[in-house]
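Counting begins at 1 with the first residue of the sequence.
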Amino acid sequence: MSRHRYYMFQSSMGWVVLLGSERGLKRLSLKPDPEEAMEGIGTNVDEATLDAEWFAPIQSCVEAYLRGDQRALDKINLDFDGSPPFFRAAWQACRSIPPGETRSYAWLAAEAGSPLAVRAAGQAMARNPWVLIIPCHRVIASDGGLGGYGAGGLEVKAKLLQMEQTYDLTR
């Protein structure tokens with residue numbers, strides 16, 4: 001029997017698929033259509049059990065974030081099992097970037113403990129299994145360019161940044 005569970009729902013930013021284990025959330029895929037969102041989870045979903053109830057608190061956190069609660073995603077427990085140490089450090093550094101703010105890949109590499117590993121920091125963001133929760137949309141090129149965004153493209157990245165910049169900061 002599978003130790004993984006999954007659930008899919010439609011949000012204001014697209015389709016979200018969640019994959020979890022007993023240790024926490026393993027993946028969050030955000031894509032414009034349900035088929036792409038399922039593909040974004042990978043093959044682990046093939047043996048996973050559909051479990052809406054288990055994911056209800058996570059879905060609530062995602063929906064609250066998309067409504068403007070900038071700290072809602074902080075409550076989600078992530079399963080880092082099997083993650084490369086530098087990627088884990090980069091993801092944790094990325095999670096510390098305040099909503100509505102951006103940082104460069106160079107900043108991210110330095111915060112992750114390897115200031116010269118700018119390309120590796122970019123790879124960590126490109127392979128981020130928890131879009132929104134690890135806010136890779138807040139990481140941009142040193143020249144201010146948005147760079148890439150696998151979760152729905154640059155339009156979604158720009159939309160997320162704009163949404164965060166209009167948050168009520170008193171929350």
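- By the salt bridge (charged side-chain N to carboxylate O under 4.0 Å, His left out) test, R103 is found to be paired with E101, residues two or more places apart in sequence or in another chain being considered.
- At a threshold of 4.5 Å between non-hydrogen side-chain atoms, the residues L161 and H137 count as touching.
- Contact detail for G20 and W54: the closest heavy-atom pair is CA-CZ3, 4.0 Å.
- Taking each heavy atom of R95 and L73 in turn, the nearest pair found is NH2-O, 2.9 Å.
- Screening R71, E164, Q70 against Y65 for a side-chain hydrogen bond (donor to acceptor under 3.5 Å, both in side chains) leaves a single residue, E164.
- In this structure, W107 and I97 have side chains that are in contact, with non-hydrogen atoms separated by less than 4.5 Å.
- The shortest heavy-atom contact between M8 and P34 is SD-CB, 3.7 Å.
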N/O donor to acceptor pairs below 3.5 angstrom from side-chain atoms of residues 119-131, sequence neighbours left out:
| unit_1 | atom_1 | unit_2 | atom_2 | d |
| --- | --- | --- | --- | --- |
| Q123 | OE1 | R127 | NH2 | 3.3 |
| N128 | OD1 | W130 | N | 2.8 |
| N128 | ND2 | I134 | O | 2.7 |
| W130 | NE1 | L25 | O | 2.8 |
| W130 | NE1 | K26 | O | 3.1 |

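- Of all heavy-atom pairs spanning I76 and C61, the tightest one is CD1-CB, 3.7 Å.
- The two residues F55 and L19 come nearest to each other via the heavy atoms CZ-C, 3.9 Å.
- In this structure, M38 CE and W15 CH2 are separated by 11.0 Å, a value rounded to the nearest 0.5 Å.
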- [ ] Apply the test side chain to side chain contact (heavy atoms under 4.5 Å, CB included) to residues L18 and F9: give CA-CA distance (whole Å), side-chain angles for both, the deciding distance (0.1 Å), then the verdict.
- [x] CA-CA 9 Å; L18 306 168; F9 64 96; 3.8 Å; yes
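- With a 4.5 Å cut-off on side-chain heavy atoms, E39 and K31 do not count as touching.
- Atoms CG and OG, from L66 and S12 in turn, are 4.0 Å apart once rounded to the nearest 0.5 Å.
- To the nearest 0.5 Å, the span separating NZ on K75 from OG on S60 amounts to 9.5 Å.
- Under the 3.5 Å distance criterion, the side-chain polar atoms of R3 are left unmatched by any main-chain donor or acceptor of E22.
- Residues P99 and P135 form no side-chain contact, since every pair of their non-hydrogen atoms from C-beta on lies 4.5 Å or further apart.
- Partners of F87 by ring-ring contact (aromatic ring centres under 6.0 Å, His included), not counting sequence neighbours, listed by chain and number: W91.
- For the pair F80 and Q92, the minimum side-chain heavy-atom distance is below 4.5 Å.
- Listed here is the closest heavy atom pair of A90 and L108: O-CD1, 3.4 Å.
- Under a 3.5 Å cut-off, the side chain of S29 and the backbone N or O of A37 do form a donor-acceptor pair.
- Put simply, the side chain of S114 never gets that close to the backbone of A117: no donor and acceptor are under 3.5 Å apart.
- With R27 contributing its side chain and I41 its backbone, the two residues share a donor-acceptor pair below 3.5 Å.
- A distance of 5.5 Å separates NZ in K159 from CE in M13, rounded to the nearest 0.5 Å.
- The CG atom of L28 lies 8.5 Å from the CD1 atom of I58; values are rounded to the nearest 0.5 Å.
- Residue I133 holds its CD1 atom at 10.0 Å from CG of D74, rounded to the nearest 0.5 Å.
- Paired with Y7 under the rule side-chain contact (heavy atoms from CB on, under 4.5 Å), one option of L50, T49, D51 passes, and it is L50.
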- [ ] Might you work through the side chain to side chain contact (heavy atoms under 4.5 Å, CB included) test for L30 and S11, ending with a clear yes or no?
- [x] CA-CA 9 Å; L30 171 67; S11 76; 4.2 Å; yes
